[in-house]
Trainee: 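Before I ask anything, let me first share the structure, which is written out below as structure tokens.
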Amino acid sequence: METMKQSQGTLMKTPSRGTNYETIKLLAQSVTKRLESQRMIAIHREKRAELADDLAKSIAPYVLTQEDLEKNVMESIGEKNEELDDLRLSGGEAYRTLRQSWLSKYGENEVDGLYFQEPIRYTAGRIISFLMKCDFVDEVFSEDLILERTIVATIGSFRRAKLH
């Protein structure tokens, strides 16, 4: 999502501080780097970026972003326009109400603007399954329980601000 910023009479696009698919890719990179640095997996180094991209694609259906939130809320406002008019809600009130409704439904397992649609432990299990089948992973050295704990801890401590 982008926001518009006015500068000297012209509008300029500036990147939003919200999360999007690129944030899921950053999370996938963080997980693979942590597992590799702790010698829990061995990967084909020249395929590191492809591994992170494929991992991000595999978990993306289970992780919503702030971009997803905004899109869903704005679509809901359009669909529920008559209902919102009947409730006499202003545009801002309607937005806040629908946003809060979305967050109460999807925001239980939120980490740095990423909304996990299942407990993070289940996402860790999906990542482990992915790594076991992935051609870019040469070897998995750790037991599943140790991998799970490390992945859950990595996801739990994920902060985009630390990466820059």
Trainee: Where is the tightest heavy-atom contact between Thr150 and Gln38, given as atom of each residue plus distance?
Mentor: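 Heavy atoms only, the tightest pair is CG2-OE1, 3.7 Å.
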Trainee: Please lay out, stage by stage, how Glu50 and His44 fare under the test side-chain contact (heavy atoms from CB on, under 4.5 Å).
Mentor: CA-CA 10 Å; Glu50 290 176 64; His44 301 291; over 6 Å; no
Trainee: So, the side chain of Thr32 versus the backbone of Ala52: is there a donor-acceptor pair under 3.5 Å, distance only?
Mentor: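 Side chain of Thr32 to backbone of Ala52: no pair is present.
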Trainee: Looking only at heavy atoms, which two atoms of Tyr21 and Asp53 are closest? And how far apart?
Mentor: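 The answer is OH-O, 3.8 Å.
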Trainee: Mind running side-chain contact (heavy atoms from CB on, under 4.5 Å) on Ile43 and Ile41 for me, showing each step along the way?
Mentor: CA-CA 6 Å; Ile43 64 173; Ile41 62 171; 3.7 Å; yes
Trainee: May I have the step-by-step check of side-chain contact (heavy atoms from CB on, under 4.5 Å) for Phe130 and Asp54, ending in yes or no?
Mentor: CA-CA 9 Å; Phe130 171 86; Asp54 287 356; 3.7 Å; yes
Trainee: Which pair of heavy atoms, one from Phe141 and one from Ala42, lies closest together, and at what distance?
Mentor: CE1-CB, 3.7 Å
Trainee: Out of curiosity, does Leu131 fall in the hydrophobic cluster containing Met40 (side-chain heavy atoms, cut-off under 4.5 Å, transitive links)?
Mentor: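 Yes.
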Trainee: Applying a strict under-4.5 Å side-chain criterion to I, L, V, M, F, W and Y, I'd like to know whether Ile127 and Val140 cluster together.
Mentor: yes
Trainee: Taking atom CD as the centre, does Glu46 end up with more than 12 heavy-atom neighbours from other residues, nucleotides or ligands that are less than 6.0 angstrom away?
Mentor: yes
Trainee: Calculate, to the nearest 0.5 Å, the distance between atoms CG and CZ belonging to Leu51 and Phe136 respectively.
Mentor: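 Interatomic distance, Leu51 CG to Phe136 CZ, rounded to 0.5 Å: 7.5 Å.
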Trainee: Check the side chains of Thr123 and Glu118 for a donor-acceptor pair under 3.5 angstrom, ignoring hydrogens and angles.
Mentor: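 Yes, because at least one side-chain N or O of Glu118 sits under 3.5 Å from a partner of the opposite role on Thr123.
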Trainee: Would you compute the distance between atom CZ of Arg121 and atom CD1 of Ile151 and round it to the nearest 0.5 angstrom?
Mentor: 13.0 Å
Trainee: Would you say Ile146 ends up clustered with Val137 if hydrophobic residues are merged whenever their side chains have heavy atoms under 4.5 Å apart, either directly or through other cluster members?
Mentor: yes
Trainee: Without swapping roles, check the side chain of Glu110 against the backbone of Gly113 for a donor-acceptor pair under 3.5 Å.
Mentor: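 The answer is yes, because a donor-acceptor pair under 3.5 Å joins these two groups.
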Trainee: Would you kindly confirm whether Val152 and Tyr62 end up in one hydrophobic cluster when ILVMFWY residues are joined by side chain heavy atoms under 4.5 Å apart?
Mentor: no
Trainee: Measuring from atom NZ of Lys33 to atom OG1 of Thr154, what distance do you get when rounded to the nearest 0.5 angstrom?
Mentor: 12.5 Å
Trainee: Where is the tightest heavy-atom contact between Asp144 and Met132, given as atom of each residue plus distance?
Mentor: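 For Asp144 versus Met132, the nearest heavy atoms are OD1-CE, 3.5 Å.
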Trainee: Just so I know, are the side chains of Arg99 and Glu70 near enough to count as touching, which here means a heavy-atom distance under 4.5 Å?
Mentor: yes
Trainee: So, using side chain to side chain contact (heavy atoms under 4.5 Å, CB included) as the criterion, who are the partners of Lys105 when residues are at least two apart?
Mentor: none
Trainee: Looking at Arg45 and Glu36, is there a salt bridge between them, counting it only when a charged N and a carboxylate O are closer than 4.0 Å?
Mentor: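 Yes, this pair counts.
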Trainee: Kindly compute the distance separating CG (Leu27) from CG (Leu55), expressed to the nearest 0.5 Å.
Mentor: 8.0 Å
Trainee: What closest approach, in Å, do Arg160 and Gly18 show between heavy atoms, and which atom pair accounts for it?
Mentor: NH1-O, 3.4 Å
Trainee: Measuring from Arg34:CZ to Ser37:OG, what's the distance to the nearest 0.5 Å?
Mentor: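 Nearest 0.5 Å value for the CZ-OG distance: 6.5 Å.
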Trainee: Going through the checks in order, is the salt bridge (charged side-chain N to carboxylate O under 4.0 Å, His left out) test met by Arg159 and Asp112?
Mentor: CA-CA 6 Å; Arg159 300 291 177 271; Asp112 198 32; 5.1 Å; no
Trainee: Indicate if Leu98 and Tyr106 have the same hydrophobic cluster label, given that clusters are the connected sets of ILVMFWY residues with side-chain heavy-atom separations under 4.5 angstrom.
Mentor: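 Hydrophobic grouping puts Leu98 with Tyr106.
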Trainee: Is it true that a side-chain atom of Ser101 and a backbone atom of Thr97 form a donor plus acceptor pair closer than 3.5 Å?
Mentor: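 Not confirmed, Ser101 side chain does not pair with Thr97 backbone.
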Trainee: Indicate the atoms forming the closest heavy-atom contact of Trp102 with Asp68, along with that distance.
Mentor: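 Smallest interatomic distance, heavy atoms only, reads CZ2-C, 4.5 Å.
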Trainee: Walk me through it: do Leu69 and Tyr115 pass the test side-chain contact (heavy atoms from CB on, under 4.5 Å)?
Mentor: CA-CA 9 Å; Leu69 175 146; Tyr115 303 92; 4.2 Å; yes
Trainee: Starting at CZ of Phe116, measure out to CG of Leu64 and round the result to the nearest 0.5 Å.
Mentor: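 CG of Leu64 is found 10.5 Å from CZ of Phe116.
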Trainee: Could you tell me whether the side chain of Glu67 and the main chain of Asn20 form a donor-acceptor pair under 3.5 Å?
Mentor: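 No, the answer is negative, given that no donor and acceptor are paired below the 3.5 Å cut-off.
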